[in-house]
Amino acid sequence: MKAAFTIDDDALRKIADDFRADMCAGLAGKEGATLRMLRSYAGLPSGKEHGSFLALDFGGTNVRALRILLKGGGEYEVLSKVAKPLTLPGVYDYVSADATAEEMFDFLASIIDEAIDGNRETKYLLGHTFSFPSAQTNISDARLIIWTKEFAVRGVEGEVVNDLLRAALVRQGLTNVTPNAVINDTVAVLLSAAYVHGDTKIGAIYATGHNTCYLEPYVGMAQPPMIINMESGGFRKLLPNRFDAALDEVSEKKGEQRLEKMVAGRYMGALFGMALAELMGKAGRAYDFTSIDLSRMLEDTGEKAQAAATIVETVTGEMLSAEDAVRVRGLARSIVARSVRLIAATFVGTLWQIAGSGEIRRQHIAVDGAVYEKMPLVKENLTRAFFELLGADAPKVDTILAVGGSGLGAALAAAMTERAEQR
Ligand code: GLC
């Protein structure tokens, strides 16, 4: 069973190679590329951005609106913050097809209203982190290509999301708030890390969903460097196992987001549930575990894997022997390890692309998201995979946590856009 989730060194290297090749194919708009390589129309911040901006962060389990004061020199202060879950069982649900675009954007406008205490006087620029594949021709507008992460709200796909947001702000009476920038959450993470730390050219989210962006140097192409949202969750040059295939079959968007369905927090619990069912002789059943369940099982390093036994009993009603509980925890470990190794391979492919024919430079990879932050064994597995793939270059690269990067990045995007418009 563990073998189904094992990726050896050679396979890992091939994934990193294929990922880089797919990046090039996607950039060149070649048929057969699986990476969308979407333009963000943003470069890196100068570090001098300052002023007070609003940020709206939409695209995961929670939605957040923040008022952020940028002070320049990598300094900032969160002046106010409102966070709400996108679903409150029995009360509201702004994820499923039960909701319409209008209802969802009205909800977002009401949260922005709360973050500014109903202020209708002060003029605010708002940066919007919208974390789904979107087509842009400038930094101010983004058209949703397709929902991911099992979102299914009606009437948003194919629309310019900032038009929908602007209309909702008007309905809410918030004509003093102007959305002027819309970016992906990975782009927000990269902007925020580059503002605070410098030496960062790759930004990623490892949470409900998974995706990575990077600063494409466009070597020799007389184009200024631009951050590209790869939508790496859509990478498809992989070997899915029988559980991946079964999960894809029952997902909202069959055939899409194949890498994401193998690695992201939204899906790891479900993969575990299917593999566990097979272990228990109930193949075909899909037990409902979450990635938080996996996290709890892995936190327990005790000999008897008691946490695994308790969680499995709660979800399936089956009691496990200590020996079986240890095996089940091993399964959870291998699902997490595969997830991390796949992501590491895509990071390495990206490092190779940035380095071009030169050497890999010393740098950070900024990552935000609960899986990266809280799941045991993630950092260890990442480091190991970097060593396998990069050898002597591995110590040049580290991953840094960019908590709250989505909000800060959105504020920075608003500030960068304002400055560009003033020029
Ligand atoms: C999904 C989205 C992507 C986002 C990622 C992390 O993969 O398609 O845009 O960056 O989730 O939230």
Side-chain angles (χ1 to χ4, degrees), residues 5-9 11-20 22-23 34-36 60 131 148-149 184-186 189-190 193 200-214 228-241 244 247 257-269 271-272 291 294-295 298 332-354 360 363-390 394 397-402 405:
F5 292 98
T6 304
I7 303 173
D8 67 21
D9 283 29
L12 200 66
R13 178 164 300 276
K14 173 151 181 10
I15 294 166
D17 275 333
D18 289 349
F19 189 83
R20 175 165 186 206
D22 210 50
M23 286 175 77
T34 69
L35 291 170
R36 291 184 196 272
S131 316
T148 52
K149 297 174 280 196
N184 186 257
D185 51 357
T186 56
V189 164
L190 176 51
T200 315
K201 296 201 167 66
I202 300 177
I205 298 282
Y206 193 3
T208 308
H210 166 65
N211 184 17
T212 303
C213 74
Y214 74 107
I228 301 289
N229 164 19
M230 294 195 272
E231 286 296 326
S232 56
F235 184 58
R236 253 202 303 271
K237 298 187 173 148
L238 297 159
L239 292 175
N241 64 30
D244 300 315
L247 177 92
Q257 301 298 101
R258 297 307 299 264
L259 172 65
E260 184 160 68
K261 287 173 189 162
M262 294 167 85
V263 302
R266 177 66 180 73
Y267 301 103
M268 273 194 280
L271 287 174
F272 173 82
S291 57
L294 299 195
S295 195
L298 299 189
R333 277 190 185 141
S334 54
I335 289 174
V336 171
R338 182 185 73 157
S339 160
V340 181
R341 288 171 71 74
L342 286 172
I343 290 176
T346 70
F347 284 167
V348 168
T350 312
L351 289 165
W352 286 337
Q353 170 69 9
I354 294 173
I360 290 181
Q363 63 189 289
H364 310 294
I365 298 176
V367 190
D368 192 10
V371 179
Y372 177 72
E373 193 180 352
K374 301 194 178 130
M375 183 72 83
L377 305 176
V378 165
K379 318 253 173 1
E380 294 86 328
N381 277 301
L382 257 180
T383 311
R384 193 174 318 138
F386 280 166
F387 267 97
E388 283 169 30
L389 295 173
L390 294 171
V397 182
D398 66 355
T399 56
I400 53 171
L401 177 64

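Just so it is clear, the values below take in all heavy atoms, side chains as well, and ignore hydrogens, waters and symmetry mates.
- Across every non-hydrogen atom of Thr208 and Ala264, the tightest pair is O-CB, 3.2 Å.
- Residues Lys149 and Glu260 form a side-chain contact, since some pair of their non-hydrogen atoms from C-beta on lies under 4.5 Å apart.
- Rounding to the nearest 0.5 angstrom, the gap separating the OG1 atom in Thr346 from the CE atom in Met23 is 9.0 Å.
- Put simply, the side chain of Asn211 gets close to the backbone of Glu231: a donor and an acceptor are under 3.5 Å apart.
- For Gly349 against Arg20, the heavy-atom pair with the smallest separation is O-CB, 3.8 Å.
- Looking at Arg341, its side chain never comes within 3.5 Å of a backbone N or O of Thr6 through a donor-acceptor pair.
- Summarising the geometry, atom CD1 belonging to Ile365 is positioned 11.0 Å from atom CD1 belonging to Ile343; distances are rounded to the nearest 0.5 Å.
- Ala394 is linked by a side-chain contact (heavy atoms from CB on, under 4.5 Å) to Phe386, Phe387, Leu390, counting only residues two or more places apart in sequence or in another chain.
- His364 places no side-chain N or O within 3.5 Å of a backbone atom of Val397 that could act as its donor or acceptor partner.
- Contact annotation: the side chain of Leu351 approaches that of Gln363 to within less than 4.5 Å [non-hydrogen atoms, C-beta and beyond].
- Pairing each heavy atom of Gly405 with each of Asp368, the nearest pair is N-OD2, 3.6 Å.
- Cation-pi geometry between Lys379 and Tyr372 is met: under 6.0 angstrom from the ring centre, within 45 degrees of the axis.
- You'll find the side chain of Leu239 stays beyond 4.5 Å of the side chain of Lys14, heavy atoms only.
- Using a 4.5 Å heavy-atom cutoff, the side chains of Val336 and Met268 are in contact.
- Between the side chain of Ser339 and the main chain of Val263, a donor-acceptor pair closer than 3.5 Å is present.
- A donor-acceptor contact shorter than 3.5 Å is absent between the side chain of Ser334 and the backbone of Phe5.
- The salt bridge (Lys or Arg N to Asp or Glu O under 4.0 Å) test with Asp22 singles out one residue from Arg36, Arg236, Lys237, and that residue is Lys237.
- The line from CG of Leu342 to CG of Leu12 is 7.5 Å long, rounded to the nearest 0.5 Å.
- Taking 4.5 Å as the limit, every side-chain heavy atom of Gln257 sits out of range of all side-chain heavy atoms of Tyr267.
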Margin query: Applying side chain to side chain contact (heavy atoms under 4.5 Å, CB included) to Leu35 and Phe19, what does each step give before you reach the verdict?
Written below: CA-CA 9 Å; Leu35 291 170; Phe19 189 83; 3.7 Å; yes
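- Nearest heavy atoms, Ala207 versus Gly369: CB-CA, 3.7 Å.
- Atoms NE2 and CE, from His210 and Met262 in turn, are 12.0 Å apart once rounded to the nearest 0.5 Å.
- Residues Thr186 and Cys213 share a closest heavy-atom pair of O-SG, 3.3 Å.
- Under the side-chain contact (heavy atoms from CB on, under 4.5 Å) criterion, Arg333 pairs with Leu298, Arg329, Leu377, sequence neighbours left out.
- Shortest non-hydrogen contact noted between Ala345 and Ile15 is CB-CG2, 3.8 Å.
- Side chains of Met230 and Thr350 form a contact here, defined as non-hydrogen atoms less than 4.5 Å apart.
- Counting only heavy atoms from C-beta outward, the side chains of Met375 and Asn381 never approach each other to under 4.5 Å.
- Side-chain contact between Phe347 and Leu389: absent, with no pair of heavy atoms (C-beta onward) separated by less than 4.5 Å.
- Going from atom CG of Asp8 over to atom CZ of Arg13 covers 11.5 Å, rounded to the nearest 0.5 Å.
- Taken from CG in Leu190 to CD1 in Ile205, the straight-line distance is 11.0 Å, to the nearest 0.5 Å.
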